[in-house]
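So that the names make sense, note that chain A is the first sequence line, chain B the second, and so on, each numbered from 1. The structure presented is a predicted model; accordingly, all values stated were derived computationally and were not measured.
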Amino acid sequence: MPELPEVETTRRGVAPALVGKRVVAAHVYDRRLRWPVPAGLERALEGRTLAGVDRRSKYLLFRFAGALATDTLLVHLGMTGSLRVYKRAPARKPHDHVDIVFDGKLTLRYRDPRRFGTMLWIEGDAATHPLIAPLGAEPFSTAFDAGMLHRGTRGRRVAIKLALMDNKLVVGVGNIYANEALFRAGIRPTKAAGRLSRERLAALVDAVRSTLADAIAAGGSTLRDYVGSGGDPGAFQLGYAVYGREGAPCRTCGTRIKAIRQGQRSTYYCPRCQT
DNA sequence: CTTTGCACCTGTTGGC
DNA sequence: TGCCAACAGGTGCAAA
């Protein structure tokens, strides 16, 4: 999936076109996502007006205000999901699984080749939903700071990269940006999280924020399957410092970038700059 | 409790 | 050129 910058870019692309619009119809062509798309989703959506689009971690929360309560369409893009808005939807292509048609035939289309994504309907308070409630700090919130990381990692021997990708601690840091942020902070991904000083964790907090912010500013990474919600391919101009650069010279010191595996995911780092 | 590894699924890539 | 194994943005869950 898109990582957090792509999700945020999608939110910003999709929301302005749809907020305030009423759902005319919803079509689910394939319910087999990570969890089945609920059978009653079409009927639940019909006639409802979109009040706003929020993001929590990599979940998009489409808010539908009602007379009694606000209900939420919860969407996660998984690894390969994408959302696009069409003024007039073209013919459906393979892997286009859901269409939500608003006033004026404006269509929100969900596509996801690998179907690792999620589309659920939550009645009432979404914050208490089992997928949302356990989530850790938002990287741009004040809750995410060195003290919190320090407390959350004491006595833990997990590698800092895996801790960074642990959603119960901090959300929204996927494989690419975990690699990039650790490079910016000069921290070796294999370092035991519980042994890092508060100062180094503070540097990591800054690095995570700046890495994500740069990517959001650039409109999200260029991903094979990602298409910006407006239809333009995401153009992440800021090249990766380490991700995918095994054997290539470090942009800072020229040392060859190393690749290892941690938790079945690829890790890249500079053996000289990252200690 | 923490940590590890698997599972879900399809498409692309790289090596032989 | 063709085939096939390995790998790819995520993350819940079971097992150790």
**Q** Can you find a side-chain donor-acceptor pair between A:T211 and A:E180 that sits under 3.5 Å?
**A** no

**Q** Return the value, rounded to whole Å, for the distance between atom CZ of A:R32 and atom P of B:dC8.
**A** 13 Å

**Q** For A:R265 and C:dG10, give me the distance from atom CZ to atom C1', rounded to whole Å.
**A** 6 Å

**Q** Let me know the distance between OH of A:Y177 and P of C:dT11, rounded to the nearest Å.
**A** 14 Å

**Q** Between A:S266 and C:dA8, does any side-chain N or O lie under 4.0 Å from OP1 or OP2?
**A** yes

**Q** If we call it a pair only when both distances are under 3.5 Å in a Watson-Crick or G-U wobble match, what pairs with C:dA14?
**A** B:dT4

**Q** May I ask you to say what A:N167 touches in the nucleic acid, namely base, sugar-phosphate or nothing, with a heavy-atom cut-off under 4.0 Å?
**A** sugar-phosphate

**Q** Tell me which nucleotide among C:dT11, B:dT4, C:dG12 gets nearest to the side chain of A:V158.
**A** B:dT4

**Q** Take the protein atom CD1 of A:I132 and the nucleotide atom C1' of C:dT11, then report the distance between them rounded to whole Å.
**A** 13 Å

**Q** Taking any heavy-atom pair under 4.0 Å as a contact, classify A:R157: base, sugar-phosphate, or nothing.
**A** sugar-phosphate

**Q** Nearest to the A:H95 side chain among B:dG5, C:dG10, B:dG11, which nucleotide is it?
**A** B:dG11

**Q** How far does the P atom of C:dT11 sit from the matching atom of B:dC1, given to the nearest Å?
**A** 22 Å

**Q** Under 3.5 Å, is there any donor-acceptor pair linking the side chain of A:R34 to the base of C:dT11?
**A** yes

**Q** Within the modelled atom types, does a donor on one side and an acceptor on the other bring the side chain of A:R114 and the base of C:dA8 under 3.5 Å apart?
**A** yes

**Q** Name the residue from A:L169, A:V171, A:V205 that meets the side chain to side chain contact (heavy atoms under 4.5 Å, CB included) definition with A:F144.
**A** A:V205

**Q** Rounded off to whole Å, could you give me the CG-to-C1' distance for the A:L169 and B:dT3 pair?
**A** 14 Å

**Q** Ignoring backbone atoms, test whether A:Y243 places a side-chain nitrogen or oxygen under 4.0 Å from the OP1 or OP2 oxygen of C:dA8.
**A** no

**Q** For A:K161 and B:dT3, give me the distance from atom NZ to atom P, rounded to whole Å.
**A** 16 Å

**Q** Answer yes when A:D103 and A:K21 have at least one side-chain N-carboxylate O distance shorter than 4.0 Å, and no when they do not.
**A** no

**Q** Between A:Y29 and A:H27, what is the ring plane arrangement, given parallel below 30°, perpendicular above 60°, and tilted in between?
**A** parallel

**Q** Stacking here means centres under 5.5 Å and planes under 30°; does A:F116 stack on B:dC9?
**A** no

**Q** Please report, rounded to the nearest Å, how far the C1' atom of B:dT3 is from the CZ atom of A:R156.
**A** 9 Å

**Q** C:dC7 C1' sits how many Å from A:M79 CE, rounded?
**A** 9 Å

**Q** In terms of side-chain heavy atoms, does A:S210 have a donor or acceptor partner in A:R184 at a distance below 3.5 Å?
**A** yes

